[in-house]
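Beneath this line is the structure, given in structure tokens, with notes to follow.
For the single chain, residues carry numbers from 1 onward in sequence order.
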Amino acid sequence: MELKINQQTKHFNVESLSIQSLLDLEIPLKQNGIAVAINNTVVPKIKWNEFLVQETDEILIISATQGG
């Protein structure tokens, strides 16, 4: 499966992938304070386990940062 994540194309050797599974592969240690949008629509964290991404999806992973 080829996915476009944050404007970068990445390849995964799977046929289906949930948002949570994708995050477990991409950022296994930094999953607090993030938001995920699929095709410009934010997907609530409660749906990450059930929402399957498709090859044509544009995925945006946003991390909250602190600053002043």
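- Applying the salt bridge (charged side-chain N to carboxylate O under 4.0 Å, His left out) definition to pairs two or more places apart or across chains, those involving residues 4-16 are Lys10-Glu26.
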Taking distance alone, no hydrogens or angles, what donor-acceptor pairs closer than 3.5 Å link side-chain atoms of residues 28-42 to residues at least two apart or in another chain?
| from | atom 1 | to | atom 2 | distance (Å) |
| --- | --- | --- | --- | --- |
| Gln31 | OE1 | Gln20 | NE2 | 2.8 |
| Gln31 | NE2 | Leu23 | O | 3.3 |
| Gln31 | NE2 | Asp24 | OD1 | 2.9 |
| Gln31 | NE2 | Ile27 | O | 3.4 |
| Asn39 | OD1 | Glu58 | N | 2.9 |
| Asn39 | ND2 | Asp57 | OD1 | 3.0 |

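- Trp48 and Ile46 fall into different hydrophobic clusters, where Ile, Leu, Val, Met, Phe, Trp and Tyr residues are linked whenever their side-chain heavy atoms come under 4.5 Å apart, directly or through other members.
- Sparse packing is recorded around CD of Gln8, with 12 or fewer heavy atoms of other residues, nucleotides or ligands lying under 6.0 Å away.
- Not counting sequence neighbours, the partners of Leu3 by the side-chain contact (heavy atoms from CB on, under 4.5 Å) test are Met1, Ile5, Phe12, Leu17, Leu22, Val53, Ile59.
- Remark: Thr56 engages Gln54 in a side-chain contact (heavy atoms from CB on, under 4.5 Å) (not counting sequence neighbours).
- Ser63 pairs by the side-chain hydrogen bond (donor to acceptor under 3.5 Å, both in side chains) definition with nothing, not counting sequence neighbours.
- Here Ile62 sits in one hydrophobic cluster together with Leu60; the rule is ILVMFWY side chains under 4.5 Å apart, joined directly or through other members.
- With sequence neighbours left out, the salt bridge (Lys or Arg N to Asp or Glu O under 4.0 Å) criterion links Lys47 to no other residue.
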